[in-house]
Asker: 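Please see the structure below; I have some questions.
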Amino acid sequence: MDAKEFTERFYPFHLKLYRVAHALLDSPDDAEDILQDVYCRLWDRRDELSDLRRPEAFCVMLVRNLCIDFLRSPGRRTDDHADGMRQITTDTTPESEFVSAESMQRMEMLIYRLPEKQRIVMQMRTYGECTSEEIEAATGESAANVRVLLSRARKTLREWLNA
């Protein structure tokens, strides 16, 4: 497989792979690093991957595995999640933007407190905008279990918000 074929085969998944990595790591820089590693690994094995039936699922699984390895690594950066607040751009007043930003920050902190599987599934669905099938492929969970994890995560978040 040459560079052109490689690009045509794997680049269409770039945005989705980035969203998955960002959802799992909650860091744009770390997500970019993971994607660079993914593309290096894919390139190194490009001749073996020409027969791949589901390249998108394979790439999502590779991203997931590398993210998990990264999260488990002993020397990884531990950024404060409160500093990673997402930017909100609207045509509202500064006061309402502050309230919205505060609400978003609180929600992110609550999501971070969820059990690991629920947090990963919730982040992939919410921030990564992944479909249930993509979450299944990335996590290795069944469709029913993904739905249960999402339901439990949402229920827990509602309880925490109403407390």
Side-chain angles (χ1 to χ4, degrees), residues 7 9-43 45 49 52 54-90 97 99-161:
T7 303
R9 179 131 195 202
F10 294 108
Y11 190 72
F13 314 130
H14 181 79
L15 201 57
K16 181 180 291 185
L17 298 177
Y18 175 80
R19 287 192 316 251
V20 169
H22 189 272
L24 292 172
L25 301 175
D26 198 27
S27 165
D29 294 332
D30 292 338
E32 286 293 335
D33 290 344
I34 291 294
L35 280 188
Q36 184 174 8
D37 194 19
V38 164
Y39 286 122
C40 287
R41 289 176 187 227
L42 290 170
W43 180 256
R45 298 179 59 197
L49 301 175
L52 206 56
R54 296 180 58 201
E56 183 177 10
F58 179 80
C59 290
V60 169
M61 184 64 75
L62 184 58
V63 167
R64 172 204 173 255
N65 291 341
L66 290 176
C67 287
I68 289 172
D69 290 346
F70 176 79
L71 290 170
R72 289 181 180 162
S73 66
R76 77 178 186 91
R77 290 193 311 242
T78 54
D79 295 336
D80 185 13
H81 286 274
D83 292 340
M85 183 173 56
R86 285 163 176 61
Q87 295 294 322
I88 300 174
T89 56
T90 59
E97 284 187 26
V99 170
S100 295
E102 229 175 37
S103 298
M104 181 65 106
Q105 182 179 4
R106 181 169 183 231
M107 181 60 78
E108 287 178 351
M109 290 169 62
L110 291 175
I111 288 173
Y112 186 71
R113 288 178 40 200
L114 290 169
E116 182 180 9
K117 285 185 178 183
Q118 290 180 17
R119 177 176 41 82
I120 288 171
V121 168
M122 188 71 171
Q123 287 175 329
M124 289 180 75
R125 184 60 164 216
T126 305
Y127 302 128
E129 299 176 5
C130 296
T131 65
S132 295
E133 294 80 20
E134 293 165 349
I135 296 172
E136 288 174 50
T139 61
E141 301 288 339
S142 68
N145 201 27
V146 167
R147 287 191 302 274
V148 168
L149 288 169
L150 276 171
S151 174
R152 288 181 182 167
R154 289 174 179 150
K155 180 181 177 190
T156 302
L157 290 172
R158 272 193 302 275
E159 289 172 359
W160 287 344
L161 287 170

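Please read these numbers as outputs of a predicted model, since none were measured by experiment.
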Asker: Of all residues at least two apart in sequence or in a different chain, which pass the salt bridge (charged side-chain N to carboxylate O under 4.0 Å, His left out) check with D69?
Answerer: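 If we apply the salt bridge (charged side-chain N to carboxylate O under 4.0 Å, His left out) test to D69, skipping adjacent residues, there are no hits.
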Asker: Could you list the residues that satisfy salt bridge (charged side-chain N to carboxylate O under 4.0 Å, His left out) with E136, not counting sequence neighbours?
Answerer: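 Scan of E136 (salt bridge (charged side-chain N to carboxylate O under 4.0 Å, His left out), adjacent residues dropped) gives none.
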Asker: What are the two closest non-hydrogen atoms of V38 and L62, and how far apart are they?
Answerer: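 Closest pair (atom of V38, atom of L62, distance): CG1-CD2, 3.9 Å.
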Asker: Check whether any side-chain heavy atom of F58 lies under 4.5 Å from a side-chain heavy atom of L49, and answer yes or no.
Answerer: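 A side-chain contact under 4.5 Å exists here.
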Asker: Can you list every pair that meets salt bridge (charged side-chain N to carboxylate O under 4.0 Å, His left out) and has a residue in residues 142-159, with sequence neighbours left out?
Answerer: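 For residues 142-159: none.
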Asker: Which value, rounded to the nearest 0.5 Å, describes the distance between E116 atom CD and L71 atom CG?
Answerer: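 Separation between the atoms: 7.5 Å.
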Asker: So, taking the atom named CD1 in I34 and the one named CZ in F70, what distance separates them when rounded to the nearest 0.5 Å?
Answerer: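 So the gap between those two atoms works out to 6.0 Å.
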Asker: V60 and side chain to side chain contact (heavy atoms under 4.5 Å, CB included): which single residue from L17, I135, N65 fits?
Answerer: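 The side chain to side chain contact (heavy atoms under 4.5 Å, CB included) with V60 is passed solely by L17 among L17, I135, N65.
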Asker: Please determine whether side-chain contact (heavy atoms from CB on, under 4.5 Å) holds for the pair T156 and Q118, giving the CA-CA distance in whole Å, both sets of side-chain angles, and the decisive distance to 0.1 Å.
Answerer: CA-CA 10 Å; T156 302; Q118 290 180 17; 4.2 Å; yes
Asker: Looking only at heavy atoms, what is the nearest atom pair of A57 and A137, with distance?
Answerer: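 A57 and A137 have their closest heavy atoms at CB-CB, 4.4 Å.
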Asker: Who passes side-chain hydrogen bond (donor to acceptor under 3.5 Å, both in side chains) against Y39, sequence neighbours left out?
Answerer: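 Only H14 meet the side-chain hydrogen bond (donor to acceptor under 3.5 Å, both in side chains) criterion with Y39.
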Asker: Who pairs with L110 by side-chain contact (heavy atoms from CB on, under 4.5 Å), at least two apart in sequence or on another chain?
Answerer: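 Partners of L110 under the side-chain contact (heavy atoms from CB on, under 4.5 Å) test: R106, R113, L157, W160, L161.
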Asker: Output all residues satisfying side-chain contact (heavy atoms from CB on, under 4.5 Å) with P55, sequence neighbours left out; order by chain, then residue number.
Answerer: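 With sequence neighbours excluded, P55 shows a side-chain contact (heavy atoms from CB on, under 4.5 Å) to R9, F10, F13, L52, given in chain and number order.
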Asker: If you measure from CG on L35 to SG on C40, what distance do you get to the nearest 0.5 Å?
Answerer: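 Taking CG in L35 and SG in C40, the distance rounds to 11.0 Å.
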Asker: With rounding to the nearest 0.5 Å, note down the distance linking NE2 in H22 to SG in C67.
Answerer: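 H22 NE2 to C67 SG: 11.0 Å, rounded to 0.5 Å.
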Asker: For A31 and L25, which heavy atoms make the closest approach, and how far apart are they?
Answerer: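 Heavy atoms of A31 and L25 come nearest at N-CD1, 3.9 Å.
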Asker: Just how far is it from atom CG of N145 to atom NZ of K117, taken to the nearest 0.5 Å?
Answerer: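 Here the rounded value is 6.5 Å.
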Asker: Rounded to the nearest 0.5 Å, what's the gap from OG1 on T139 to CD1 on I68? Could you check?
Answerer: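 Those atoms lie 8.5 Å apart.
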